[in-house]
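Shown below is the structure under consideration.
In this text the structure is predicted, and so the values were computed from the model without any measurement. Just so it is clear: chains get the letters A, B, ... in the order the sequence lines come, proteins before strands, and each one is counted from 1.
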Amino acid sequence: MSKLMKLNLKVWRQKNAESAGNFEEYKVDASPDMSFLEMFDVLNEQLIETGKEPVAFDHDCREGICGMCSMVIDGRPHGPKQGVTTCQLHMRSFNDGDTITVEPWRANGFPVIKDLTVNRSAFDRIIAAGGFISTNAGNAVDANAVLIPKEVADEAFEAATCIGCGACVSACKNASAMLFVGAKVTQLSKLPQGKPERESRVVAMVNQMDAEGFGACTNTGACAAECPKQIPLSVIANLNREYIGAKMNGK
Amino acid sequence: MTLESKIPAGDIATKWTKYKSTVPLVNPANKRQLEIIVVGTGLAGASAAATLAEMGYKVKAFCFQDSPRRAHSIAAQGGINAAKNYQNDGDSVYRLFYDTIKGGDYRSREANVHRLAECSTSIIDQCVAQGVPFAREYGGTLSNRSFGGTQVQRTFYAAGQTGQQLLLGAYSGLERQVGLGNVKMYARHEMIEVVKIDGKARGIIARNLVTGAMERHFGHAVLLCTGGYGNVFYLSTNAMGSNVTAAWKAHKSGAYFGNPCFTQIHPTCIPVSGHYQSKLTLMSESLRNDGRIWVPKKLNDERHPNDIPEDERDYYLERRYPAFGNLVPRDIASRAAKERCDAGYGVGQSKMAVYLDFKYNMMQKYGRTEASKLNIANPDDETLIRLGKEVIKEKYGNLFDMYKQITDEDPYEVPMRIYPAVHYTMGGLWVDYDLMTNVPGLYALGEANFSDHGANRLGASALMQGLADGYFVIPITIGNYLSKEIHTKPISTDHEAFVAAEKAANDRIQQLMGIQGTRSVESYHRKLGLIIWNKCGMARNEKGLKEAIAEIQALRADFYKNVRIPGSVNEFNPELDKAGRVADFLELGELMCVDALNRNESCGGHFREEYQTEEGEALRDDENYMYVAAWEHKGNTWELHKEELNYENIKIQQRSYK
């Protein structure tokens, strides 16, 4: 059993969307082998035992794939390590005696529900606007009827690994959702099955993105730097290309 | 009530085709008047909701997560089976059917499994059409790999995140229908009651988890696509929120629960590292394509794994099961790991782990092929490792990264340490051939039902079943029921049945909030998990099961006296949500033990220590237990109903992978 670390936490507490929030300070002993969320479990057990309200935070799969966990740790979405979600961040990435500040995603498009929990339904609405291929079950041709070069499939897959967590928005000073939208547009526009709708798709998704209150992109690259799935900035370039192309064609 | 599986007559190979062609239909105009409630948005739920909406039905979909895309199907790693025979290795619908029945240790329904195998090929076509980026060969065709319990390559995959890609495909179809106004989506909602009117399911009571408000929703039919109940063990590969609540409320409203003791313990998971552990992480079965499992031959061998020479390693699966080697089914691989660890050959700090080692295939299989491609004659070890590592990285990169992140060890350099963990539940709500429970109008799809995997599920078959049920089965079979409901007008949610159901749900919540004890919900969940893991886990016996039943009853009584739920009802309160789920697990756990105690045989994942062969393999009792145990809830107890299983197309025998 590894030695316990003594940590000071400054955690954002906010009762609900309407109330103003503030930081509260807590002390927690954690094992270096714990995940960051398990450290929060320990904190919450302490709070419950002493008759206080636990900290509300979103989490589900705890293996880095569902995209539900969403903490800004010391100013960085998903914390200091690159390429991992909060649930896969382990306490060995911190030092004994550290003070750690934990906040929710902060963006107009993601209003706070409680404490560290935010509402990300804006992302669902962007997908509903156009993030799909219009095909009904039952009318597909044989899966090998259309050959797709491996490089194209790999490129589409890389973009498709986006987990929709919203770290990109949280990292961006403009709260832009371009990396998220670019990833879906890139996945679908690369594949032959997605080509028929590529123009209407990109316009509809961008319109919805704007309507949700996400900001514009000024190419700082913070989104790609903080993305736990390391979606490359090139998807934004591709999004711009697709969008301009669609607009030139009068969409 | 008698159990009617309603399996259509006729030859197994043409049964489903014939049924599809003759099942009553609902015309397009009438579909627009019929409302369907879908609870859960994983592979089964999302595909069902999208497809039914495409057909013209009015759909309401519910999930407890913040978005339908988060459902735990997203975490499935290795792949999805389909009898495409793209590899020309002798695969066929029959072979997939046969493998699945045999893998399930002859405890699943022939007709359902054959239909599953038939639907499997269309699933791949459908997913590709949706833009699911499956792995491909350089020529542009789809790539395949092997999974346990089969001798062909029929598994389609997208690196180690196939579930994610399939779910996002189904989710995009669902969101398309949301955008078109055909589906109304209710995220952060939990179903906590089924509403029945005149014996038929007519709606649900759902709780808005953000505001705490109760909502009444009417539906001509209700589909439960709410996944399995593996979280009853506390530690499992399930997501933290995965729960049995919707299925359990259905059970308490009259739906029978089938084979609850059939749970799957997956052989390759990252071992428990400490008491604070909140969940376990799977290392995909696909790794057994290239990873070899071993322990030291010597007891208490403290050497570093890389220092143990080849002839002092016991590749126990290859030794015991030469025909299938490392790719035996999950129940067998798990028991074999437990056997070695119990005998004292386990490795790592806790001694409750075995090695999963990639070095041999990295060098000899991939390293040599790559060297040959590059015309390198007589490559040295270093070259082989360098070249082989690139191939391994492409196939399993994300899994290796995850392993390293969790354990702080590099699996490219040292073998992984793995141990079995709870992963999937074959048991679930009893359904007939139409996927309808014994409550008319109430359906169960995907992992939530009991139907296709018998006593053990083969790898890469859960994704197949979820999508088969949602895309291709329910859209057809629901017509059989709804065609008779076209005259039923939407029922007002002021109906007394809705009022009573909402009151019952409210009373339960008030009861929980009123306890005001001292102990957290989590602490009860952990205790329950430990009881079930120790006494109704990988090995069970009569004495242990009887003890477990008494311990669970005592724990449940204690829960209702001493649990503490902070906060209030009408706000976002995850502790209250969890309390409701744990309360249901505390009842289900007992039923699992009751079922395990009743089944005096070993089959698949259900291993009763009293019933084993001399070689330690599961010993079935086909004479007395070749049935589905469907349990009816009767207040404080349960009544057993049996659905006899008939095997007309497959010769039953002792399962052998030797």
May I ask you to check whether A:N136 and B:R176 show a side-chain donor-acceptor distance below 3.5 Å?
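Yes, B:R176 and A:N136 have a side-chain donor paired with an acceptor closer than 3.5 Å.
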Are side-chain heavy atoms of B:T141 and A:L147 found at a separation under 4.5 Å?
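B:T141 vs A:L147: side chains touch.
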Heavy-atom pair count under 4.5 Å with chain A, highest-scoring of B:I74, B:D125, B:V128, B:T121:
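Among B:I74, B:D125, B:V128, B:T121, the one with the most close pairs to chain A is B:D125.
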Engaged part of B:Q164 at the chain A interface, taking heavy atoms whose separation is under 4.5 Å:
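Answer is side chain: those atoms of B:Q164 sit under 4.5 Å from chain A.
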Can you tell me which of A:A156, A:A204, A:P192, A:S134 forms the most heavy-atom pairs within a distance under 4.5 Å of chain B?
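Highest number of pairs under 4.5 Å: A:S134.
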Cut-off 3.5 Å, side chains only: do A:R120 and B:S67 have a donor facing an acceptor?
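Absent: no donor and acceptor within the cut-off.
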Nearest-0.5 Å distance, SG of residue A:C87 to CE of residue B:M240
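It comes to 10.5 Å.
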Given that the side chain runs from C-beta out, which part of B:R188 has a heavy atom under 4.5 Å from chain A: side chain, backbone, both or neither?
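For B:R188, side-chain heavy atoms alone lie under 4.5 Å from chain A.
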With chain A, which of B:T51, B:L142, B:I124 has the greatest number of heavy-atom pairs at distances under 4.5 Å?
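Result: the option with the highest number of such pairs is B:L142.
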Is any side-chain heavy atom of A:E53 less than 4.5 Å from a side-chain heavy atom of B:E571?
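They are in contact (side-chain heavy atoms under 4.5 Å apart), so the answer is yes.
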Measure from NZ or CZ of A:K114 to the centre of the six-membered ring of B:F572, then state whether that distance is under 6.0 Å and the direction lies within 45° of the axis.
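A:K114 over B:F572 ring: no.
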I'd like to know if the side chain of A:D60 reaches the main chain of B:A239, judged simply by a donor and an acceptor atom lying under 3.5 Å from each other, with no hydrogens or angles considered.
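Such a contact is absent between A:D60 side chain and B:A239 backbone.
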Below 4.5 Å from any heavy atom of chain B, which atoms of A:T135 appear? Answer side chain, backbone, both or neither.
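Looking at A:T135, backbone and side chain both touch chain B.
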Within-4.5 Å side-chain heavy-atom neighbours: A:Q193 and B:Q130
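Sidechains of B:Q130 and A:Q193: no contact.
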Most chain A-contacting option - heavy-atom pairs closer than 4.5 Å, from B:A158, B:P574, B:S242, B:S122:
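Ranked by heavy-atom pairs under 4.5 Å with chain A, first place is B:A158.
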A:A129 versus chain B, the contacting section by heavy-atom distance below 4.5 Å
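Neither the backbone nor the side chain of A:A129 comes within 4.5 Å of chain B.
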Need one label for B:A187: side chain, backbone, both or neither, based on atoms under 4.5 Å from any heavy atom in chain A.
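For B:A187, there is no contact with chain A at all, as no heavy atom is under 4.5 Å.
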Checking heavy atoms, do the side chain of A:Q88, its backbone, both or neither come under 4.5 Å from chain B?
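Both the backbone and the side chain of A:Q88 come within 4.5 Å of chain B.
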Contact winner vs chain B - A:G83, A:G51, A:S93, heavy-atom pairs under 4.5 Å
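Highest number of pairs under 4.5 Å: A:G51.
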If I compare all heavy atoms of A:F132 with all of B:S172, which pair ends up nearest, and what's the gap?
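Where A:F132 meets B:S172 most closely, the heavy atoms are CB-O, 3.6 Å.
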Could you have a look at B:E54, B:Q405, B:R70 and say which one has the most heavy-atom pairs with chain A under 4.5 angstrom?
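The residue among B:E54, B:Q405, B:R70 with the greatest pair count is B:R70.
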Under 4.5 Å, counting heavy-atom pairs only, tell me which of B:P566, B:A129, B:G470, B:G179 racks up the most with chain A.
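Top count of heavy-atom pairs under 4.5 Å with chain A: B:A129.
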Which bit of A:V118 is near chain B, if near means a heavy-atom gap under 4.5 Å: side chain, backbone, both or neither?
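It is the backbone, since no side chain atom gets that close.
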For the backbone of A:A140 and the side chain of B:Q126, can you confirm whether one donor and one acceptor N or O come within less than 3.5 Å of each other?
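Such a contact is absent between B:Q126 side chain and A:A140 backbone.
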Report which part of A:E63 has an atom under 4.5 Å of a heavy atom belonging to chain B: side chain, backbone, both, or neither.
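The answer is both parts of A:E63.
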Closest heavy-atom contact between A:A143 and B:R136?
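Here A:A143 and B:R136 meet closest at O-NH2, 4.2 Å.
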Determine whether more than 12 heavy atoms belonging to other residues, nucleotides or ligands lie under 6.0 Å from atom CD of B:E409.
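More than 12 heavy atoms, drawn from other residues, nucleotides or ligands, come within 6.0 Å of this atom.
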Between A:L188, A:V84, A:D154, A:D58, which has the largest tally of heavy atom pairs under 4.5 Å with chain B?
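Greatest number of close heavy-atom pairs with chain B: A:D58.
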Shortest non-hydrogen contact from B:E575 toward A:P54
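Minimum heavy-atom contact is CG-CG, 3.7 Å.
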Can you tell me how far CD of B:Q65 sits from NE2 of A:H59, rounded to the nearest 0.5 angstrom?
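Answer for the NE2-CD pair, A:H59 versus B:Q65, is 11.5 Å.
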Identify which part of B:F134 has an atom lying under 4.5 Å from any heavy atom of chain A, answering side chain, backbone, both or neither.
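When you check distances to chain A, only backbone atoms of B:F134 fall under 4.5 Å.
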Part of A:F57 within contact of chain B (heavy atom distance under 4.5 Å):
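Contact with chain B is absent: no heavy atom of A:F57 under 4.5 Å.
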Segment of A:S35 engaging chain B (4.5 angstrom heavy-atom cut-off):
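It is neither, since no heavy atom gets under 4.5 Å.
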Sort A:I113 into side chain, backbone, both or neither according to what part of it lies under 4.5 angstrom from a heavy atom of chain B.
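When you check distances to chain B, only side chain atoms of A:I113 fall under 4.5 Å.
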Are the side chains of B:Y276 and A:M39 in touch, meaning some heavy atoms are under 4.5 Å apart?
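Heavy-atom side-chain distance check fails, nothing below 4.5 Å.
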Among the options B:E522, B:Q165, B:Q177, pick out the one with the most heavy-atom pairs lying under 4.5 Å from chain A.
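When all of B:E522, B:Q165, B:Q177 are compared, B:Q165 has the most.
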Region of A:E151 that comes under 4.5 Å of a non-hydrogen atom in chain B
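For A:E151, the side chain is the part near chain B, not the backbone.
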Within 6.0 Å of NZ in B:K404, more than 12 heavy atoms from elsewhere:
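Counting other residues, nucleotides and ligands, NZ of B:K404 stays at 12 neighbours or fewer.
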Pick one of side chain, backbone, both or neither for B:Q77, based on which atoms fall under 4.5 Å of a heavy atom in chain A.
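Contact with chain A is through the side chain of B:Q77 alone.
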What I'd like to find out is whether the side chain of B:E175 reaches to under 4.5 Å of the side chain of A:R125, using heavy atoms alone.
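SC-SC contact between B:E175 and A:R125 ruled out.
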Using the rule given for side-chain contact (heavy atoms from CB on, under 4.5 Å), can you reason through B:H72 versus A:C61, listing the C-alpha separation, both sets of side-chain angles and the distance that settles it, and then say yes or no?
CA-CA 7 Å; B:H72 199 53; A:C61 79; 3.8 Å; yes
Which portion of A:L37 sits near chain B, non-hydrogen atoms under 4.5 angstrom
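For A:L37, neither part sits under 4.5 Å from chain B.
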For B:L168, is it the side chain, the backbone, both or neither that has a heavy atom under 4.5 Å from a heavy atom of chain A?
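The side chain, not the backbone.
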Looking at chain B, which one of A:E49, A:K52, A:E45, A:E155 has the largest number of heavy-atom pairs inside 4.5 Å, strictly under?
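If we count pairs closer than 4.5 Å to chain B, A:E45 comes out on top.
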Of the backbone (N, CA, C, O) and the side chain (C-beta and beyond), which part of B:L280 lies under 4.5 Å from a heavy atom of chain A, both, or neither?
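B:L280 touches chain A through backbone heavy atoms alone.
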Under 4.5 Å from any heavy atom of chain A - which part of B:T407
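The answer is the backbone of B:T407.
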Among A:Q187, A:K81, A:R62, which residue has the highest count of heavy-atom pairs closer than 4.5 Å to chain B?
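The residue among A:Q187, A:K81, A:R62 with the greatest pair count is A:R62.
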Chain B heavy atoms under 4.5 Å from A:D124: which part of the residue, side chain, backbone, both or neither?
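Contact with chain B: backbone and side chain both.
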Choice from A:N144, A:I133, A:I48 maximising heavy atom contacts with chain B below 4.5 Å
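Winner by heavy-atom pair count: A:N144.
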So which part of A:V141 gets closer than 4.5 Å to some heavy atom of chain B, the side chain, the backbone, both or neither?
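Looking at A:V141, just its backbone touches chain B.
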Is B:D408 in contact with chain A via its backbone, its side chain, both, or neither, using a 4.5 Å heavy-atom distance?
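Contact with chain A is through both the backbone and side chain of B:D408.
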Which pair of non-hydrogen atoms, one from A:F123 and one from B:Y171, has the smallest distance, and what is that distance?
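Closest approach of A:F123 to B:Y171: O-OH, 4.3 Å.
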